[in-house]
Each structure stands twice: as structure tokens, then as C-alpha cells.
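What follows is one structure encoded as C-alpha cells, with my remarks underneath.
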Amino acid sequence: MSPDKNLLSKLAAGDKHGEDSPYFDGWKAYDNNPFHLDHNPQGVIQMGLAENQLCSDLIKEWIKANPQASICTAEGIESFSDIAIFQDYHGLKQFRQAIATFMERARGGNVKFEAERVVLSGGATGANETLMFCLADPGDAFLVPTPYYAAFDRDLRWRTGVRIIPVECNSSNNFKVTKQALESTYLKAQETGIKIKGLILANPSNPLGTTLDRDTLETIVSFINDKQIHLVCDEIYAATVFAGARFISIAEIIQDMDHVNRDLIHIVYSLSKDMGLPGFRVGVVYSYNNDVVSSARRMSSFGLVSSQTQSFLAAMLSDQSFVDNFLVEVSKRVAKRHHMFTKGLEEIGISCLRSNAGLFVLMDLRKMLKDQSFESEMALWQVIIHKVKINVSPGSSFHCSEPGWFRVCFANMDEDTLQIGLQRIKDFVLGDGDNKNNICNRNKEKENKKRKSFQKNLKLSFSSMIYEEHVRSPSLISPHSPLLLA
Amino acid sequence: MKQLSTKVTSNGHGQDSSYFLGWEEYEKNPYDEIKNPNGMIQMGLAENQLCFDLIESWLAKNPDAASLKRNGQSIFRELALFQDYHGMPEFKKAMAEFMEEIRGNRVTFDPKKIVLAAGSTSANETLMFCLAEPGDAFLLPTPYYPGFDRDLKWRTGAEIVPIHCSSSNGFQITESALQQAYQQAQKLDLKVKGVLVTNPSNPLGTALTRRELNLLVDFITSKNIHLISDEIYSGTMFGFEQFISVMDVLKDKKLENTEVSKRVHVVYSLSKDLGLPGFRVGAIYSNDEMIVSAATKMSSFGLVSSQTQYLLSALLSDKKFTSQYLEENQKRLKSRQKRLVSGLESAGITCLRSNAGLFCWVDMRHLLDTNTFEAELDLWKKIVYNVKLNISPGSSCHCTEPGWFRVCFANMSEDTLDLALKRLKTFVESTDCGRMISRSSHERLKSLRKKTVSNWVFRVSWTDRVPDER
């Protein structure tokens with residue numbers, strides 16, 4: 001180690017944050033050549049960013065009609081000083097209440113949440129890390145079903161020292177979590193002396209876009225209850241469940257399962273996806289365990305939500321008619337986008353994992369691989385980025401056990417852009433057979449030249465490679481964004 | 001099997017300390033001029049409530065910033081989506097320039113070396129994660145901010161070893177105290193990774209002298225360790241002296257762009273200078289690229305709300321506003337401090353002579369039954385429960401001498417401050433000590449004033465050995 005590195009902690013000097021992975025090629029390609037409908041129609045289209053840009057008009061309308069919600073406007077300035085000094089880590093009472101009610105409504109009113117159990121955090125990123133600090137010691141492990149959100153590798157493990165043990169799920173049953181997979185993974189971990197403290201999963205799932213059915217949820221709860229380990233459900237995509245589909249929250253399940261030890265149940269939530277407000281950093285830890293609520297609350301000092309934001313959102317989310325209308329619109333618009341995109345893909349013979357939620361689909365390109373290997377997946381991915389010019393996320397970045405799956409986002413652009421993206425995919429796929437093979441061959445050569453070291457890395461476990469979506473979001477500000485006009 | 005982490009089951013959060021207990025008592029019975037005039041007056045909260053009118057009038061004149069617009073156009077959408085952990089460039093630029101302005105534009109801050117954090121609470125913890133392994137130690141001069149026990153140690157596993165400072169020389173940091181602390185760490189088998197100071201100091205309300213700063217830089221140079229300077233109160237300097245930042249010292253010693261400068265880091269926040277603790281705006285400034293890079297990634301766990309970044313970038317970019325604000329802020333703080341000091345004097349109580357901060361370090365040693373921390377706690381309980389003032393006992397700040405208390409003056413109205421002083425005076429006069437004092441108050445105050453002056457004299461011209469003041 002160089003003398004410099006010696007002066008820093010291992011955390012700072014190492015690369016366990018996972019951001020040195022080659023998956024950044026997609027982001028770099030976009031950064032270097034970002035698509036713009038008018039100014040750069042040949043650029044790379046960003047379809048690797050799970051953002052919800054579909055409902056900002058509703059929020060803007062509300063803001064215009066409610067100037068008193070801001071502490072900075074003439075109508076709201078009376079509250080400025082009180083809010084400016086408010087740093088109580090309990091959070092603004094009206095904000096917690098509004099969040100609890102919003103969470104209830106996003107679950108169709110089928111559950112009740114207490115404002116006293118709502119603990120604020122710096123986005124779901126902060127919430128997940130905080131829960132790990134509360135539930136596990138360095139060296140302990142959490143089970144995570146694959147494929148899973150790439151940044152869990154950093155959020156759950158980096159500063160906490162907690163380990164992730166993947167629970168493999170397969171496309172043969174649409175990646176459902178099975179009792180057998182849970183039991184065998186748990187057993188194997190125990191045999192190697194690893195202490196499992198809990199299971200964490202996202203429901204709805206990223207990258208699958210699917211919600212867990214009642215059976216699976218009950219199986220999972222029985223499993224963790226039997227082992228007396230924790231269950232963390234990240235329900236960040238709760239409101240993106242399509243109109244007509246039914247989202248069952250873990251909160252609902254435990255209502256009906258009396259024998260479950262509630263001290264083991266914890267929910268993570270955020271407004272980043274459902275409301276499309278990732279910039280406002282609103283994360284929630286909701287725990288049924290009083291000690292965890294109390295500790296997480298103390299830890300929230302390290303990532304409180306700005307009181308300006310709390311006060312603004314408390315007003316907005318307390319407006320019941322706005323909330324009800326918003327939730328209906330979100331699920332309608334997400335479903336519409338999903339339908340448009342998947343239909344378009346169907347027409348060219350590309351299927352996606354059947355999903356009912358989320359801001360993305362998992363595209364099945366297995367038959368386009370030269371062979372069923374991750375090398376081929378990466379080769380195809382390079383083609384998609386550089387030839388098709390769309391940035392998508394390869395399944396390996398989500399620790400998917402089978403090559404050929406790609407997550408494609410559809411809610412972070414306008415409809416025209418999405419149609420162009422779809423068209424590019426169509427043109428690529430429907431390019432004649434020879435052309436397709438040539439593309440694969442040419443790319444294989446390129447791959448061999450550029451990716452020797454990467455292929456070597458592929459032989460190692462995928463746990464050290466992540467695709468960081470959160471990291472590479474706007475500094476990705478389009479060159480034409482007013483924010484750059486300092 | 002133990003179900004929760006040791007972080008939860010131990011009490012490393014430090015919130016069982018008296019510092020926080022006083023707050024709890026206040027919450028139960030808070031003073032209100034009209035609704036609860038006999039309630040407890042909060043003097044344990046280092047908040048700056050003196051200059052909101054300046055910010056509010058700026059907001060009234062700047063409707064664009066106030067309503068998330070630029071050139072009349074709504075930028076709500078861009079802000080809603082902005083979650084880049086590098087932070088908003090124009091906000092970091094504005095922060096850098098504000099920090100320069102506070103330091104008389106004698107030093108420059110590069111916006112690219114700023115890492116935003118959710119308050120200095122988060123900034124300090126993040127720096128610990130970057131600089132220390134679990135079990136490594138940082139040296140801190142006592143007395144220090146009670147929150148450091150949580151911020152620096154709780155989740156990081158780092159240790160704090162105190163650098164003992166005493167009233168004999170106005171609690172200044174000495175070479176021998178530094179060496180002693182270092183050796184103590186070694187005795188405890190702890191690897192020392194650096195020194196952390198708050199400048200201006202909480203709870204002392206004094207800015208570090210140039211001598212102390214030189215001492216610190218020389219010390220960390222010789223030991224090859226880090227120096228963190230938490231300059232959160234840099235904009236509250238109201239004395240006639242200029243605020244000297246550790247950055248000034250690096251420049252004056254011609255250490256800029258050297259290895260040493262890479263080990264000096266500044267922490268800042270807008271919670272005290274601007275009185276905006278609710279907005280959670282903190283910053284780390286480091287000359288070490290690797291630290292900037294690692295800390296930036298860690299800031300994901302506590303980013304500053306984009307809505308807040310935008311508002312404050314507009315506010316701080318208005319140079320007319322910032323210069324007027326800084327000047328007015330200092331004026332008002334100075335006048336408040338004077339009010340507190342003279343009010344205390346009339347009750348026969350002196351303070352450490354201060355030139356910064358939102359509080360005074362008050363000497364109540366003469367009111368103790370015995371020169372012990374038990375007596376300090378007894379006195380504190382009387383003041384909290386009988387006098388109904390929440391002040392912070394020195395032991396909660398790890399002071400090595402009993403009898404010192406931190407009393408805040410900028411978080412209430414003038415009338416409330418006057419009332420608090422009246423209550424305190426009544427209390428003092430009702431005790432045996434107080435009766436003695438009021439009998440010879442004139443004589444006592446004269447001699448106290450002499451001691452205060454000589455304290456000050458010692459700060460300016462310093463020798464290692466000082467006669468014990470008492």
C-alpha cells in the first residue's frame with residue numbers, strides 16, 4: 001500500500017463501494033453522447049435509470065395552487081423561522097402523519113400505519129443502511145433473493161460490514177422465491193459458520209417489476225419466524241403497481257398471521273419512485289420493533305430530511321384529494337407506459353418477464369445470445385449500448401443467475417423518446433439474420449480485444465460488481481438543463 | 001441468539017448523558033411568554049435565532065428562488081430528479097465563496113474539494129469512516145461538544161482520547177497536553193489517526209489562537225496524522241480579533257499543496273452561522289482526492305435535499321446579502337453576549353472571556369458545595385428543576401474541572417434572556433454563597449474582573465507554565 005493509502009481507512013482506500021465496475025460503460029456512453037429529441041436525436045437514450053417522470057405535472061399544478069406550502073413564499077413565510085430551526089430527529093409530526101397516511105393509501109387502505117413508527121432517513125439508501133446497523137454486527141449476513149437491486153451491495157455492506165448471501169431464483173418459475181431455496185441457502189450458510197441475521201427483499205421487485213403473491217409472502221414470513229431472523233421489506237415501488245393489479249404489503253400479511261414475532265418485521269419506504277422525488281431525499285424506516293424504532297431514530301441524525309422539504313411535503317400529502325388522484329394517476333400512467341413498451345417488444349418477438357409494477361421491465365434476450373454465458377451477455381450489452389444506442393442494465397449487474405436478461409426502464413423519458421428507443425430495438429432485432437450474426441461476431445472480436453481483463457473478472461464472484469444507477473443520475477444533467485446555467 | 005446489533009443494545013449513542021436529559025426536562029415544561037411563563041427556559045440549545053428577519057426579507061425580494069424558479073420558469077422537475085451525490089455545482093461554488101468570505105478572503109476554497117453532507121453531524125461521522133478503522137483513536141481537546149461521542153464513535157467504532165485543557169490558562173491547548181493524550185492513547189493500545197478540534201470552540205466560545213493552531217499543525221506533521229477542524233461557528237466570531245482558520249495557518253506556513261495539507265480537513269455547516277439547522281446542510285473540505293472521492297460516495301446516505309440546495313445557492317450567491325448578513329450577525333451576537341455576561345456579573349458570576357459562538361462558558365465553581373462532579377450535578381439539578389433553566393453541565397462536555405456550565409444566549413428573545421438572568425440572580429442570592437457574594441459583591445466583582453483581564457492577557461502571550469488561577 002502506498003504511504004497515502006495507509007493514512008486512510010480501508011473503507012476509503014478500498015473499492016467495496018463497488019463503483020469501479022465496468023458496468024459504467026453504459027453510463028459513460030450516455031454521458032458522452034446523451035440523447036435529446038431536438039438537439040441530439042442520434043444520441044444514446046437513457047433506459048437504465050429507474051426514475052418516475054410521469055407525474056410531475058400533477059405536483060407542479062399542486063404547487064402553483066398552494067403557495068403557502070412553501071416556507072419561502074409570501075404566503076408561507078410566517079413558518080420560515082420555526083421550520084428553519086426544526087432539527088428534531090423525530091421529524092415534523094404532521095409530516096410523519098402525512099407519510100403514514102400516504103403509505104396506507106398506496107396500499108389501498110388495507111393496512112394501518114402509525115405515525116409514531118415512521119422514522120426518517122436519507123432516502124431508502126439511508127434507510128437500508130440504518131436497518132443493517134441496527135439489526136446486524138460486522139460479519140453477520142443477510143439473505144437477498146436474486147436478482148436484486150445492484151446498489152444493495154453498497155448500501156447493505158459497505159460501512160456496516162454486513163455480508164450478503166444471495167438466494168438464487170430462476171426464470172423457470174418466473175424468479176419466484178421458494179421455500180426450498182431459502183432453506184437450502186440458510187443451511188449452507190450455517191454450515192460454513194456464517195451468522196444469518198435476516199432476509200431483505202424489495203417488493204415490488206427491482207429489477208423484476210413483479211409483486212410477491214400472498215403464498216410467497218406467507219412462506220417468507222413463516223421462514224423468518226421459524227428461524228427467528230429479521231425480515232426487511234423494501235416497498236419503495238409500492239405505488240407503481242399497475243392499475244388493476246393487487247399489491248400486498250408485508251404489513252397486510254402480518255395482520256393476518258397472529259403467531260408471527262412482529263419484532264422481526266421492518267419496512268423501508270421512500271418517495272423517490274412513487275412520487276418521482278429522488279432529489280428530496282425522503283426515506284422511511286418503519287419498524288414493528290420498538291428498540292429498532294428508537295435506535296433508527298437516533299441514527300437518523302446522520303441523514304435527516306430537510307425541514308424545508310418535510311414541511312412542503314406534509315402540506316402536499318395531507319391533501320387527501322390530491323393524494324388519491326395522484327395515486328390513481330401514477331398507477332394508470334405507469335401501466336400505460338408498460339403496456340406500450342411491452343406490446344412494441346412483443347411485435348418483434350421479444351418477450352419480457354410478466355410484471356405488474358415498477359418503472360422497468362426485464363427483457364428476455366436469451367435467444368439473442370451467442371451462447372448461454374455471461375460473456376455473451378456482456379457482448380450483447382456492448383452492442384446495445386454502442387450500436388443500438390440505448391443504455392440498459394444487464395442482468396449480471398443484478399446478480400441474476402441466468403445470462404440474457406436486461407432491465408429496461410420506461411418511465412424516465414417522454415413518450416416520443418420511448419417510441420424512438422423502441423424503434424431502435426426493432427431495427428436492431430429485425431435487421432436480417434446475417435447482419436445479426438455479423439454484429440455478434442464483430443462484437444465478439446471487439447470484446448476479446450477490449451475486455452480481456454473484464455472477462456477474467458467474470459470468473460470471480462459477481463458480488464464485487466455492481467451497476468450503480470443511483471450514482472450516475474444527473475450530473476447526467478442534460479447539457480441544456482437550466483441547472484447548468486450558473 | 002442476540003437479535004439486534006450491539007450498536008442498539010449498548011448505549012454508544014450517548015443519549016443517557018445529562019446534556020440530553022436537560023432537554024427532556026425542557027420538553028416536558030417549555031417556557032412560553034404567554035402560555036407558560038413559569039416554564040423552563042432553554043439555554044442548552046446552541047441555536048442562532050437572531051437573524052431570521054434578514055433571510056426572510058431576502059426571500060421576499062427574491063421570489064424566483066423562493067418558488068423554485070429560474071428566470072421565471074419553474075425548475076421543479078429538474079430539482080425533483082436531481083440526486084447526484086456530487087451536489088449542485090452552483091451550490092458548492094456558493095458555499096466555497098461564503099467560506100472564503102468568512103475568512104476575509106485570505107484563503108481560497110475549491111468547490112471540487114467540497115463534499116456535501118446532511119449537517120456537520122453526518123460530515124464528522126463520514127470523515128471518521130474515511131480516516132479511522134474501528135478501534136483507532138482521535139484526540140479531542142476537552143471540554144468538547146457532547147454530540148461527538150455519538151457522531152465520531154457510535155457506528156464507526158472509533159475512539160476518543162481527551163486532550164486535557166484547564167482553566168489555569170483559559171482552556172488553551174498546550175504542547176504537553178497533546179503529548180500526554182498521545183501517550184495515553186498508546187498506553188491504551190489505540191492507534192491515533194488524528195486530532196479533531198472545533199474552532200471556534202464549543203462549549204468555550206473562544207477561537208483558537210494562532211499559537212494553538214501552529215502547535216496543532218506542527219503536532220500532526222510530526223506524528224504523521226490527520227487534523228480535522230470543525231469550523232461550524234466560524235461565522236459567529238464577534239470579538240475584535242479576526243477568525244483564524246487552520247487554512248490560514250497552512251497558507252502562512254507555506255504548507256499549501258504539501259503532504260501535510262492533505263491531512264488537514266475542514267468541516268462546515270450552515271446550522272449555526274445562518275441559523276438553519278433544520279435544512280441539514282453540512283460540508284467536508286479536504287485536499288486529499290481519495291477522501292473527497294470516498295466521502296462523496298458515502299454522502300449517498302445523507303444527501304442535501306435538492307430543494308434546499310437550490311434555495312441556498314441563490315441566497316449565498318447574493319454577495320450583497322452575505323456581507324450584510326455576516327456583519328449584522330456578528331453585531332447582534334456581540335450585543336447578546338454582552339447582555340448575558342453583564343447579567344451574570346450582577347449575580348456575581350463570571351465567564352471565560354469569549355469572542356465567538358452562541359454561548360458562554362460560565363464559571364460557577366464558587367457555587368459548588370465541594371469541588372466535585374457530584375456537587376456539579378447537584379447544582380445543575382437545582383438550576384434545572386428549581387430555577388427552571390436548562391443549561392449544560394461541564395461534565396457532559398468532558399470538562400476535567402467541575403463547576404463550569406455552558407449557557408446559550410442566541411436562541412431566545414432579549415426579554416426571555418433577561419428573565420433567565422433574573423431567575424439565576426435570585427437563586428444565587430438565596431444560597432449561602434450568594435449571600436456572601438452580595439455582601440461583598442463590589443469587591444468580588446472588582447477582583448473577578450482583574451482575573452478575567454489576566455486570563456485574556458495569558459491568551460495573548462503564552463508560556464507553558466501558568467500559576468493556577470483557582
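Throughout, protein chains are lettered first and strands after them, A, B, ... in sequence-line order, and every chain is numbered starting at 1. Atoms considered below: every heavy atom in the structure, side chains included; atoms not considered: hydrogens, waters and symmetry mates.
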[X] portion near chain B, given a 4.5 angstrom heavy-atom threshold:
X        : result
A/Asn289 : side chain
A/Asp82  : neither
A/Phe86  : backbone
A/Leu92  : neither
A/Ala74  : neither
A/Val282 : neither
A/Ser81  : both
A/Met275 : neither
A/Pro138 : side chain

Item to check | Nearest-0.5 Å distance that lies between atom CD in B/Gln83 and atom OG in A/Ser272 | outcome: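 That separation rounds to 6.5 Å.
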Checklist entry - At what distance, to the nearest 0.5 angstrom, does NZ of B/Lys7 lie from CG of A/Leu135? => result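 Nearest 0.5 Å value for the NZ-CG distance: 11.5 Å.
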Checklist entry - If you count heavy-atom pairs under 4.5 Å with chain A, which of B/Ser306, B/Pro277, B/Ala294, B/Ser67 comes out on top? => result B/Pro277
Item to check | Leading residue by heavy atom contact count with chain A [cutoff under 4.5 Å; candidates B/Ala117, B/Ser122, B/Ala80, B/Ser313] | outcome: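 Among the listed options, the one with the most contacts to chain A is B/Ala80.
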Chain A heavy atoms under 4.5 Å from [X]: which part of the residue, side chain, backbone, both or neither?
X        : answer
B/Leu274 : neither
B/Glu47  : side chain
B/Gln49  : side chain
B/Asn224 : both
B/Asp136 : neither

Checklist entry - Is the number of heavy atoms from other residues, nucleotides or ligands within 6.0 Å of CD (A/Gln68) greater than 12? => result yes
Checklist entry - Has A/Gln190 got more than 12 heavy atoms of other residues, nucleotides or ligands less than 6.0 Å from its CD? => result yes
Next on the checklist: A side-chain contact here means heavy atoms from C-beta on lying under 4.5 Å apart; do A/Leu277 and B/Phe76 qualify?
Outcome noted: yes
Item to check | Close side-chain approach of B/Ser300 to A/Glu129, heavy-atom, < 4.5 Å | outcome: no
Which heavy atom in [X] sits nearest to a heavy atom in [Y], and how many Å separate them?
X       : Y        : result
A/Cys72 : B/Ala66  : O-CB, 3.3 Å
B/Arg77 : A/Ser56  : CD-OG, 3.0 Å
A/Ala13 : B/Met290 : CA-CE, 3.7 Å
A/Leu7  : B/Arg263 : CD1-CD, 3.3 Å
A/Ala12 : B/Cys130 : CB-O, 3.4 Å
B/Leu81 : A/Gly276 : CD2-O, 3.9 Å

Among [options], who wins on heavy-atom pairs under 4.5 Å with chain B?
options                                : value
A/Ala127, A/Ala124, A/Ser311, A/Ala136 : A/Ala136
A/Thr73, A/Leu11, A/Ile85              : A/Ile85
A/Pro278, A/Ser295, A/Ala296           : A/Pro278
A/Met299, A/Lys60, A/Gln310            : A/Met299
A/Leu304, A/Val292, A/Asp140           : A/Leu304

Item to check | Donor + acceptor pair across side chains of A/Ser306, B/Ser305 (<3.5 Å) | outcome: no
Next on the checklist: Using the rule given for side chain to side chain contact (heavy atoms under 4.5 Å, CB included), can you reason through B/Gln3 versus A/Leu264, listing the C-alpha separation, both sets of side-chain angles and the distance that settles it, and then say yes or no?
Outcome noted: CA-CA 9 Å; B/Gln3 281 189 337; A/Leu264 300 173; 3.6 Å; yes
Please check: side-chain N/O of [X] versus main-chain N/O of [Y], any donor-acceptor pairing under 3.5 Å?
X        : Y        : value
A/Gln87  : B/Arg280 : no
A/His230 : B/Leu4   : no
A/Asp291 : B/Val8   : no

Checklist entry - Between A/Trp158 and B/Phe301, how do the two ring planes meet: parallel, tilted or perpendicular, split at 30° and 60°? => result tilted
